Amino acid sequence: MPLDPVTFSTATNMFHAIANEMGTVMLLSAYSSIAREAKDTSTCLLDPGGRVVAQSIMIPIHMNSLASAVAYLRDGFDLSATEEDEVYVMNHPYANGQHLNDIIILLPIFHEGRLSGFAGSISHHVDMGGGATISATATELYQEGLIIPPMKLKESMAFHGGVLEKMLGANVRAPGLVLGDYRAQHFACLRGRELLQGMIRRFGAETVTQAMTELQDYAERVMRANLARLPDGTYSGEDFCDGLRPGDPPIPIRATVTIRGDEAQVDLSGCADQVNGPVNSPIASTWSAVFTFFISMMEEGAPVNDGSYRPIRVTTRKGSICDPIYPAPVRSRMSTSYRIYSALRRAFAEEVPDRVAACGHETTTSVAFMRRTPEKYHVYHEVIAGGLGASMHGDGCDGVAQPLSNTGNTPVEVTEVDLDFVRVRSYGLVEGSGGAGRHRGGKGIRKVYEVLKDDVTFCSNGDRCGSAPWGVAGGGPGRLSAFRILRGEETIELTALNTRPTLKGDVIVVETCGGGGWGQAGGAAE
């Protein structure tokens with residue numbers, strides 16, 4: 001018998017409250033600015049079978065991929081045989097993880113000796129060893145850092161100074177930051193365990209388990225209703241990633257979507273072959289980009305969990321940039337993941353203009369600075385926002401996080417407190433960067449850094465230096481992104497993907513693109 005509406009509603013809200021409180025614990029406990037300020041971390045609550053029930057409101061590329069990672073764990077381990085003092089840890093992109101910087105932790109939750117669920121967390125870590133914090137020249141995964149295959153360990157081995165914690169600390173440049181964030185992930189999961197146990201004591205194990213199942217089924221019904229509102233048919237969209245090196249042709253990303261009733265089939269087999277550089281998208285990132293697109297068209301407040309993904313099927317071609325063959329590098333996979341998302345948007349933008357906006361910045365533009373001193377290795381990492389695409393309803397937002405990332409702003413004060421070898425000269429919007437139209441695209445951001453000491457390595461990744469965000473219904477494209485170094489009278493133009501030494505006095509300029517416009521300028525208001 002289904003739960004009564006009051007109990008179901010109460011349980012549903014409690015599940016989401018648990019996931020969000022886990023996220024709060026993570027942010028309050030984190031050491032690095034990329035976790036603490038940019039909030040590049042996510043948490044979730046899962047049922048006893050390892051299926052996502054509720055997710056924190058944090059990073060979509062993380063949240064909509066955790067189900068894939070746990071599915072891989074289910075194939076390799078009998079989750080029902082998990083013991084109370086065990087934990088699962090991994091970061092392997094070819095085991096349905098993201099990239100090596102994203103460590104996934106799954107902590108079992110028991111009540112009176114019975115497995116009642118799992119608390120999960122995934123967080124981006126400022127460094128995982130390898131060639132550099134952002135290794136622009138990586139040609140294989142091994143150059144990108146420490147690989148943690150899916151493992152089931154005793155908690156004492158994974159944490160509390162255990163063997164995995166020691167191994168992690170010995171392989172990274174900033175062990176204080178990395179281990180601090182790693183332990184914060186553990187604390188977040190422990191809080192999730194505590195809260196779900198309290199909920200079970202209140203409602204009983206059977207009721208809580210039933211509520212988990214019913215919430216997943218409800219999320220499936222919501223997604224199916226969302227898909228059913230789209231006209232049946234086949235839709236195609238294309239977008240492009242920047243080439244790896246100056247002069248390289250753009251990399252095509254092609255998506256074909258078939259809507260039939262309340263189901264969607266997404267075919268990405270027409271995407272380019274995998275490349276000899278770190279922008280390949282592992283399969284979980286590819287799936288997550290697809291799932292996030294369809295979730296973005298649902299009404300605000302709709303539940304998102306394992307059930308949401310059931311009506312969506314994704315086809316890829318092994319060896320493509322959207323489904324690379326091990327050990328292709330994937331550190332900067334967000335460029336391709338975002339292009340998958342953009343290609344899907346382009347497929348539907350003209351068909352359902354009330355639900356799909358023009359293209360925005362839609363990439364993760366991140367910068368990092370590294371410097372080694374006799375005392376320690378200093379590592380800093382932040383994410384810079386951009387302009388959103390305009391819609392039929394209004395102008396695009398200026399300088400905000402993009403749909404797959406949802407990362408937060410890192411204040412200038414944080415940068416300058418954390419670093420004594422870089423300062424921020426200026427930070428503001430790029431006027432005129434949004435595409436023209438009846439509604440203009442959102443403006444990008446310009447951030448200018450000055451290098452104060454020698455032996456500083458500048459790293460970056462991003463996109464949109466060669467292919468501008470497109471407009472819709474006659475709207476103009478947004479301005480391209482740009483990366484450059486000002487060295488005396490010399491201007492050194494860069495691509496978005498960089499790992500390069502700098503000199504004292506160098507000025508580094510990062511400009512993110514604006515969003516595309518919507519409608520022809522001067523047209524009648526909607």
Side-chain angles (χ1 to χ4, degrees), residues 16 19-44 55-66 98-99 101-103 121-127 133-134 177-178 180-182 184-185 187-188 288 292 296 300 304 332 334 337-338 341 360-369 379-388 396-419 422 424 426-430 442-447 449 459-462 481 510-513 515:
H16 286 100
N20 285 323
E21 185 162 334
M22 289 170 61
T24 299
V25 170
M26 175 67 206
L27 297 179
L28 292 176
S29 305
Y31 277 54
S32 73
S33 60
I34 193 69
R36 187 184 67 244
E37 304 292 341
K39 302 179 178 62
D40 197 349
T41 183
S42 299
T43 52
C44 69
Q55 304 175 153
S56 58
I57 305 173
M58 299 181 86
I59 308 296
I61 196 73
H62 285 172
M63 296 184 294
N64 297 322
S65 68
L66 277 167
Q98 292 286 313
H99 58 180
N101 295 72
D102 287 340
I103 296 179
S121 70
I122 177 171
S123 187
H124 180 101
H125 290 264
V126 70
D127 186 69
T133 292
I134 301 173
L177 295 178
V178 173
D181 288 352
Y182 177 70
Q185 285 186 254
F187 298 155
S288 186
T292 302
S296 73
E300 186 176 354
V304 179
S332 299
M334 285 298 285
S337 300
Y338 262 115
Y341 178 86
H361 170 231
E362 289 176 15
T363 189
T364 296
T365 297
S366 57
V367 301
F369 296 95
V379 181
Y380 175 82
H381 193 186
E382 66 172 300
V383 180
I384 304 176
L388 286 185
C397 294
D398 301 328
V400 294
Q402 300 301 294
L404 293 182
S405 304
N406 198 36
T407 45
N409 169 64
T410 301
V412 171
E413 294 82 359
V414 170
T415 306
E416 297 184 344
V417 166
D418 284 357
L419 303 180
V422 173
V424 179
S426 65
Y427 187 23
L429 298 174
V430 183
K443 301 172 186 176
I445 283 179
R446 177 187 292 113
K447 199 161 189 177
Y449 308 86
C459 305
S460 68
N461 66 238
S481 295
V510 178
E511 292 183 354
T512 61
C513 60

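Heads up: numbering here begins at 1 and tracks the sequence. Owing to the predicted nature of the structure, the values given are computational and were not obtained by experimental measurement.
Defined by atom type and a distance below 3.5 Å, a donor-acceptor pair is present between the side-chain atoms of Ser32 and Asp181. For the 3.5 Å distance criterion, the side chains of Glu37 and Thr410 fail to qualify, holding no donor opposite an acceptor. Between the side chains of Tyr341 and Thr292, no donor-acceptor pair is found at a separation under 3.5 Å.
To the nearest 0.5 angstrom, Leu66 atom CG is 9.5 Å from Asp102 atom CG. Atom CE of Met22 sits about 6.5 Å away from atom SG of Cys44, to the nearest 0.5 Å. For the atom pair SG of Cys397 and NE2 of His361, the computed distance is 14.5 Å after rounding to the nearest 0.5 Å. Taken from CD1 in Ile34 to OG in Ser366, the straight-line distance is 7.0 Å, to the nearest 0.5 Å.
In this structure, the side chains of Glu382 and Thr415 come closer than 4.5 Å at one or more pairs of heavy atoms. Counting heavy atoms from C-beta outward, Ser337 and Ile61 have side chains that approach closer than 4.5 Å. Side-chain contact check for Leu429 versus Ile445: some heavy-atom pair is nearer than 4.5 Å. Val126 places a side-chain heavy atom less than 4.5 Å from the side chain of Val178. Residues Asn64 and Gln55 form a side-chain contact, since some pair of their non-hydrogen atoms from C-beta on lies under 4.5 Å apart. Contact annotation: the side chain of Glu362 approaches that of Pro403 to within less than 4.5 Å [non-hydrogen atoms, C-beta and beyond]. At a threshold of 4.5 Å between non-hydrogen side-chain atoms, the residues Gln402 and Leu388 count as touching. Contact of the Lys39 side chain with the Met26 side chain is not registered, since no non-hydrogen atoms from C-beta on lie closer than 4.5 Å.
Side chain of Arg36 to backbone of Tyr31: a donor-acceptor contact under 3.5 angstrom is found. Although no hydrogens or angles enter the test, the distance criterion places a donor-acceptor pair under 3.5 Å between the side chain of Thr43 and the main chain of Gly23. In this structure, Glu511 contributes its side chain and Gly444 its backbone to no donor-acceptor pair below 3.5 Å. Not one N or O on the side chain of Tyr449 forms a donor-acceptor pair closer than 3.5 Å with the backbone of Val422.
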| query | Would Met58 and Leu27 count as a side chain to side chain contact (heavy atoms under 4.5 Å, CB included) if you check the C-alpha gap in whole Å, the side-chain angles of each, and the deciding distance to 0.1 Å? | reply | CA-CA 11 Å; Met58 299 181 86; Leu27 297 179; 3.9 Å; yes
*May I have the step-by-step check of side chain to side chain contact (heavy atoms under 4.5 Å, CB included) for Tyr182 and Ile103, ending in yes or no?*
CA-CA 8 Å; Tyr182 177 70; Ile103 296 179; 4.3 Å; yes
Exercise for the section: Check the pair Ile57 / Asn20 against side chain to side chain contact (heavy atoms under 4.5 Å, CB included), numbers first and verdict last. Expected result: CA-CA 7 Å; Ile57 305 173; Asn20 285 323; 3.8 Å; yes
| request: Go through the steps for Asn409 and Tyr427 under the test side chain to side chain contact (heavy atoms under 4.5 Å, CB included), then give the verdict. | output: CA-CA 11 Å; Asn409 169 64; Tyr427 187 23; 2.4 Å; yes
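Across all non-hydrogen atoms, the minimal contact from Ala385 to Thr512 is O-OG1, 2.8 Å. In plain terms, the two heavy atoms of Val379 and Leu177 that are nearest each other are O-CD1, 3.7 Å. The minimum heavy-atom distance between Asn101 and Thr133, with the atom names listed, is ND2-O, 4.4 Å. Contact between Ile134 and His381 at its shortest, heavy atoms only, is CD1-NE2, 3.9 Å. Across Cys513 and Ser481, no two heavy atoms sit closer than the pair N-OG, 2.9 Å. Across every non-hydrogen atom of Gln98 and Ile122, the tightest pair is CG-CD1, 4.1 Å.
Shown here are the side chain to side chain donor-acceptor pair (under 3.5 Å) partners of Ser29, two or more places apart in sequence or in another chain: there are none.
The residue from Thr364, Thr363, Thr365 that alone fulfils the side-chain hydrogen bond (donor to acceptor under 3.5 Å, both in side chains) condition with Ser405 is Thr364.
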